[in-house]
2 protein chains.
Amino acid sequence: MQQSLDPLARKLGAFVTLGERETKALEALQGPRTLIAAGKEIVYEGQQQHAAYVVADGWACSYKELQDGARQVIDIQIPGDFLGLRSFLLRRSDQSFTTLTDVVVTKIATDRLVDTFHAVPRLAVALLWAASRDEAMVVEHLVSVGRRDAVARTVHFLLELGAKLKLVGHGSATEFPCPLSQSVLADALGITSIHLNRVLRQLRESELLIFRDGWVTFLDRERLAALTGFDYSYLDLETTALR
Amino acid sequence: MQQSLDPLARKLGAFVTLGERETKALEALQGPRTLIAAGKEIVYEGQQQHAAYVVADGWACSYKELQDGARQVIDIQIPGDFLGLRSFLLRRSDQSFTTLTDVVVTKIATDRLVDTFHAVPRLAVALLWAASRDEAMVVEHLVSVGRRDAVARTVHFLLELGAKLKLVGHGSATEFPCPLSQSVLADALGITSIHLNRVLRQLRESELLIFRDGWVTFLDRERLAALTGFDYSYLDLETTALR
DNA sequence: CGAGTCGTTGACCTTCCTCAAACGCTGTGG
DNA sequence: CCACAGCGTTTGAGGAAGGTCAACGACTCG
């Protein structure tokens, strides 16, 4: 789990110790690195035979758009995250993906996935674990949007994002780089960007956290965690089962 | 895909034709049928080594509770649905499950899951497809709660529930049995039960749908679908790939 | 018969949305 | 070099959707 590993291997390493065999198989599953410029659509909702990718560098997001133009951001993808993997069996993508910064991705050879699962079951378990964790985060996101007010929702989202980033070696306990615009963040939280702006001001003036210039700084983690009842356990990072 | 099949086989049959081999393997994966009374906790959040089940009959739901007592219902499980499967790799369950009616379940032998995947890849694909579809529904639920108003959210949820039920042979195009209380439904929709009650009255008075006495009746499907931009495609039911 | 749950309705209030305007920054073309 | 468009951010004023509190009727179960 050194800094030199690629982010996905680093993330999976938090769950399963990957030997040379697993690392090799993981590399073999991925195509060449490809650069995609910021603001580009990668997969659109309804697209057929869409591909799946791993983000090697940069930020992307998945979202769905309603007919009235409203947008709900489902998830933010950072280095080490899958993009479109969970729906590779569906005939058409159930959501859209766009880059938020310049992004480097590798394509996953989904047709080789089943064979790899046979050959390297340890890797299979690691990949399924990562997919389960991602889904647990979507569930937690649903809880937030359904049952927390705008302040708690915002704080929870940023705490979680910080934890995710730390796992792949970005940011520290008190701050992390965050290239999200307020409108993207608002679309993730299910509030308007105007209201988000007021929430952020309030958080800044209460000396809880600062969201500015592409950085998030936590000023008082204890009060922040208390505000949302934030509990890291669903991130499933505590102990590692398969060493 | 006859009525006589068990609901899970029936559902999977909408995606993959299951031969005798697959059907046998599916049965072998499940333990004996067990009855659980209405209102019982099946798995609680944080439980370790939680089991996974298939609902054979009855209704259940998954939810998370916040420290202030608010509850967000994630998903409703009807016959043929998995219960706790998507997180069997996590060390502790990320959500709670409770029965809404008397329920019959079978336990899934998760320890045999990987072997079964080797032996019967066609079944593996079918199970992963079902899991992907379930997750697509959670995503759509998130979109609803984040970006639709209470009326559209309610209508969308009930249309979707009707479609799901039809797939396992319950209800018709115009009505279906629905043992949900208004407070459970409200907790699923992220609104208060008081407000839901007003929404339901409004829908009834506009002659759009009736929610009463454990039944939902659609009075005008066209207007209902238009109201929410309801699109069945994410349910991935159109054509069948693997015949 | 009494307690408990579910559904229903009213009055009032908070949160968040809508509309509107203005500022700073960046990139682009005259 | 400057003008200007475009985007993201910030702020204010007013309004609407949905929440809170309270009360009551219908029904079920012990």
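These numbers come from a predicted model, not from an experiment. Chain letters run A, B, ... following the sequence lines, proteins first, then strands; residues in each count from 1.
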**Request:** Grab the CZ-P distance between B:Arg153 and D:dA17 for me, whole Å please.
**Result:** 13 Å
**Message:** Pairing donors with acceptors under 3.5 angstrom, does anything connect the side chains of B:Gln182 and B:Ser193?
**Reply:** no
**Asked** B:His141 and B:Glu160: side-chain donor and acceptor closer than 3.5 Å?
**Response** no
**Asked** Taking CH2 from B:Trp215 and P from C:dG7, how many angstroms apart are they, rounded to a whole number?
**Response** 17 Å
**Fill in**
If each end axis of the helix from C:dC1-D:dG30 to C:dG30-D:dC1 is fitted on five C1' pair positions, the angle between them, to 10 degrees, is 30°
**Request:** Please lay out, stage by stage, how A:Arg223 and A:Glu207 fare under the test salt bridge (charged side-chain N to carboxylate O under 4.0 Å, His left out).
**Result:** CA-CA 10 Å; A:Arg223 264 166 71 217; A:Glu207 300 188 330; over 6 Å; no
**Prompt:** Side chains of A:Ser93 and A:Gln47: donor-acceptor distance under 3.5 Å anywhere?
**Reply:** no
**Message:** Before you tell me yes or no, could you show the steps for B:Glu65 and A:Arg147 under salt bridge (charged side-chain N to carboxylate O under 4.0 Å, His left out), namely the whole-Å CA-CA distance, both residues' side-chain angles and the distance that decides it to 0.1 Å?
**Reply:** CA-CA 9 Å; B:Glu65 234 161 20; A:Arg147 287 297 178 207; over 6 Å; no
**Prompt:** Could you give the CG-to-C1' distance, from B:Leu203 to C:dT8, as a whole number of Å?
**Reply:** 16 Å
**Asked** Among residues 182-198 of chain B, which residues get a heavy atom nearer than 4.0 Å to DNA chain D?
**Response** B:Gly190, B:Ile191, B:Thr192, B:Ile194, B:His195, B:Arg198
**Prompt:** Please give, in whole Å, the distance from D:dG18 C1' to B:Leu200 CG?
**Reply:** 15 Å
**Item:** Rounded interatomic separation in angstrom, taking CZ from B:Arg147 and C1' from D:dA17
**Value:** 15 Å
**Message:** In this structure, is the centre-to-centre distance between the rings of B:Phe218 and B:Phe176 below 6.0 Å?
**Reply:** yes
**Item:** Nearest-0.5 Å distance that lies between atom NZ in B:Lys164 and atom CG in B:Leu159
**Value:** 14.0 Å
**Item:** Whole angstrom value for the distance that separates P of C:dC25 from CZ of A:Arg212
**Value:** 13 Å
**Message:** I want to verify a distance call: between C:dC16, D:dT11, C:dC6, whose nearest atom is closest to the B:Ser181 side chain?
**Reply:** C:dC6
**Message:** Under 6.0 Å from the ring centre and within 45 degrees of the ring axis: does the NZ or CZ of A:Lys107 meet both conditions for the six-membered ring of A:Phe88?
**Reply:** no
**Message:** Rounded to the nearest 0.5 Å, what separates atom CD in B:Glu45 from atom OG in B:Ser96?
**Reply:** 5.0 Å
**Fill in**
Rounded to whole Å, CG of B:Leu100 lies from P of C:dT5 at a distance of 16 Å
**Asked** Taking atom P of D:dA17 as reference, at what distance in whole Å does atom CZ of B:Arg148 sit?
**Response** 18 Å
